[in-house]
Amino acid sequence: MNASVLKPALPGISSSKRLGFFSFSDGNKPFHSKPRGVCLIKAAMEETQTLKQDVNGMVDKLANRHAGKNHNQLSTIGNSTNIKWHECPVEKIDREKLLKQKGCVIWITGLSGSGKSTVACALSHMLYQRGNLSYILDGDNVRHGLNRDLSFKAEDRVENIRRVGEVAKLFADAGFICIACLISPYRRDRAECRSMLPNRDFVEVFMDVPLQVCENRDPKGLYKLARAGKIKGFTGIDDPYEPPLDAEIVLQCNTGDCSSPCDLAEKVISYLEVEGYLQA
Ligand SMILES: Nc1ncnc2c1ncn2[C@@H]1O[C@H](COP(=O)(O)OS(=O)(=O)O)[C@@H](OP(=O)(O)O)[C@H]1O
Ligand SMILES: Nc1ncnc2c1ncn2[C@@H]1O[C@H](COP(=O)(O)OP(=O)(O)O)[C@@H](O)[C@H]1O
């Protein structure tokens, strides 16, 4: 590999921290259209040398972790046979150092109309303003793509939550503060998602808003349709919702007079701050 084709995308950060952000050209197209000075080429070569050392260190770290283990062991997970986990030396903790935060999942559950999406957006915006990276997995939105094959019957809701739980786990592993907001009506499914993550990395937020308030809001007119029997199996009307018994955060709104979405999001921010998620 040619030293001049290395492109540090985050100048000013040490090479080990930048490791995940280097990309390589195809060798024919240099990154800089203007001719660069010899000093820069020399610096780039030195940078490459440091990088190689970093990569070797990372690979050694991986080799040590695997010492004594059977590298060829194949697994069967569900219907996937003969599969093998592939480790990469750049780990979650390395990405977290880059992002200066800890990856986790904020799981917002509650009835339709309880304010899940609104709080998720307020939270994401506040995190963005603080310089923290988050990403929202909204039930409604995920059902436009990944989960478009799923209906609202019980087994499809279970699969909906399982898939979003798995995706959220990947985002947390990438170092994101992943905000999943879904009705997720069943306790057992939420517990399954919790169990996918290391201890404390799953933060359950319960939108404790009475059905009456949600129904009065009815921004999409769905409760009206459900009451008229035009939507069958609507959560809270003729389909169950199991409120959490041990959520980390409960955002209550007992009457129509609720705290503002920003005030609610602030409570989540305070929790994340106290638990140390907003720094690496
Ligand atoms: N039968 C039924 N029950 C509940 N909700 C329904 C239903 N049909 C459509 N919708 C709309 O789908 C949104 C909920 O999707 P979710 O993926 O969050 O649901 S679930 O977690 O699988 O129960 C939900 O969005 P939110 O209002 O944002 O919760 C509704 O707009
Ligand atoms: N804290 C709040 N106070 C008053 N109204 C709210 C609050 N949060 C959300 N809403 C309103 O309630 C309705 C439903 O909110 P939404 O976020 O779409 O709920 P969900 O995602 O749970 O279905 C929207 O019209 C929204 O503007």
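Count residues from 1 along the sequence. Every value quoted in this text rests on a predicted model; they were computed, and no experiment measured them. Indexing begins at 1, ligand by ligand and atom by atom, following the structure's order.
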Using distance alone, determine whether [X] and ligand 2 share an N or O pair under 3.5 Å.
X    : result
K116 : yes
S117 : yes
S260 : no
L264 : no
G115 : yes

Using a 4.0 Å cut-off to any heavy atom of [X], which atoms of ligand 1 qualify?
X    : result
I161 : 21 (O)
L222 : 30 (C), 31 (O)
P185 : 21 (O), 23 (O)
G233 : 1 (N), 2 (C), 3 (N)
G113 : 27 (O)

Original post:
For K220 and D140, what are the C-alpha separation, side-chain angles and deciding distance, and is it a salt bridge (Lys or Arg N to Asp or Glu O under 4.0 Å)?
Top reply: CA-CA 12 Å; K220 303 171 203 161; D140 253 333; 2.8 Å; yes

Could you identify the single nearest non-hydrogen protein atom to [atom] and state the distance to 0.1 Å?
atom                    : value
atom 27 (O) of ligand 1 : S112 OG, 2.6 Å
atom 29 (O) of ligand 1 : K116 NZ, 2.8 Å
atom 2 (C) of ligand 1  : F234 CD1, 3.4 Å
atom 23 (O) of ligand 1 : R157 NH1, 2.8 Å
atom 16 (P) of ligand 1 : R143 NE, 3.7 Å
atom 28 (O) of ligand 1 : K220 NZ, 3.2 Å
atom 10 (N) of ligand 1 : F152 CZ, 3.4 Å
atom 21 (O) of ligand 1 : S184 N, 2.8 Å

Inspect the contact between R95 and E91 and indicate whether a charged nitrogen and a carboxylate oxygen are less than 4.0 angstrom apart.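 A salt bridge is absent here (no side-chain N lies under 4.0 Å from a carboxylate O).
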
*asked:* Strictly below 4.0 Å, N to O, side chains only: are K92 and D201 in salt-bridge contact?
replied: yes

Per-atom contacts of ligand 2 with S259, taking only distances under 4.0 Å to non-hydrogen atoms =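 Counting atoms of ligand 2 from 1, those under 4.0 Å from S259 are 1 (N), 2 (C), 3 (N).
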
Counting from 1 in the order shown, the ligand 2 atoms closer than 4.0 Å to a non-hydrogen atom of S112 are 23 (O)

- request: Please say whether I183 places an N or O atom under 3.5 Å from an N or O atom belonging to ligand 1.
  value: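 Right, the criterion is met.
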
Kindly identify the option in [options] whose heavy atom sits closest to [atom].
atom                    : options                : value
atom 13 (C) of ligand 1 : T109, N147, D140, D238 : D140
atom 9 (C) of ligand 2  : L251, T109, T118       : T118
atom 5 (N) of ligand 2  : R217, K220, M207       : R217
atom 24 (C) of ligand 2 : P261, A265, C253, P219 : P219
atom 20 (S) of ligand 1 : D138, N160, L182       : N160

For L137 and C178 the tightest heavy-atom approach is CD1-SG, 3.6 Å

Please report the closest heavy-atom contact between P261 and A122, naming both atoms and the distance.
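Smallest heavy-atom distance, with atoms named: O-CB, 4.0 Å.
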
Contact check, side chains of [X] and [Y], non-hydrogen atoms, under 4.5 Å:
X    : Y    : result
L111 : L211 : yes
L150 : R143 : yes
C258 : R217 : yes

Discussion item. Measuring from non-hydrogen atoms of T235 to any atom of ligand 1, is the shortest distance under 4.0 Å?
Written reply: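 The answer is yes: ligand 1 sits under 4.0 Å from a heavy atom of T235.
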
Applying salt bridge (Lys or Arg N to Asp or Glu O under 4.0 Å), run through R162 and E159 and close with a yes or a no.
CA-CA 5 Å; R162 188 193 72 79; E159 177 61 9; 3.0 Å; yes

For the hydrophobic clusters of this structure (ILVMFWY residues joined by side-chain heavy atoms under 4.5 Å, transitively), does one cluster hold both L182 and L146?
yes

*May I ask you to establish whether R200 and Y277 are in a cation-pi arrangement, using a distance under 6.0 Å from NZ or CZ to the six-membered ring centre and at most 45° from the ring axis?*
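No, a cation-pi geometry is absent between R200 and Y277.
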
Checklist line | Step-by-step side-chain hydrogen bond (donor to acceptor under 3.5 Å, both in side chains) determination, S134 to S124 | finding: CA-CA 6 Å; S134 68; S124 187; 2.8 Å; yes

*Do D189 side-chain atoms and I161 backbone N/O form a donor-acceptor pair below 3.5 Å?*
no

> Does any N or O in the side chain of K100 come within less than 3.5 Å of the main-chain N or O of G131, such that one atom is a donor and the other an acceptor?
Replying inline: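 Between the backbone of G131 and the side chain of K100 there is no qualifying donor-acceptor contact (under 3.5 Å).
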
Using non-hydrogen atoms of the residue, decide whether [X] is closer than 4.0 angstrom to ligand 2.
X    : value
G110 : no
G139 : no
L111 : yes

Notebook entry, point to check: Can E192 and R187 be said to form a salt bridge (Lys or Arg N to Asp or Glu O under 4.0 Å), step by step?
Noted result: CA-CA 9 Å; E192 292 266 337; R187 263 180 221 131; over 6 Å; no

So Y241 and F206, would you call those rings parallel, tilted or perpendicular, with 30° and 60° as cut-offs?
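Parallel, since the angle between the ring planes stays under 30°.
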
On the 0 to 90° scale, with breaks at 30° and 60°, tag the Y135-F171 ring pair as parallel, tilted or perpendicular. parallel

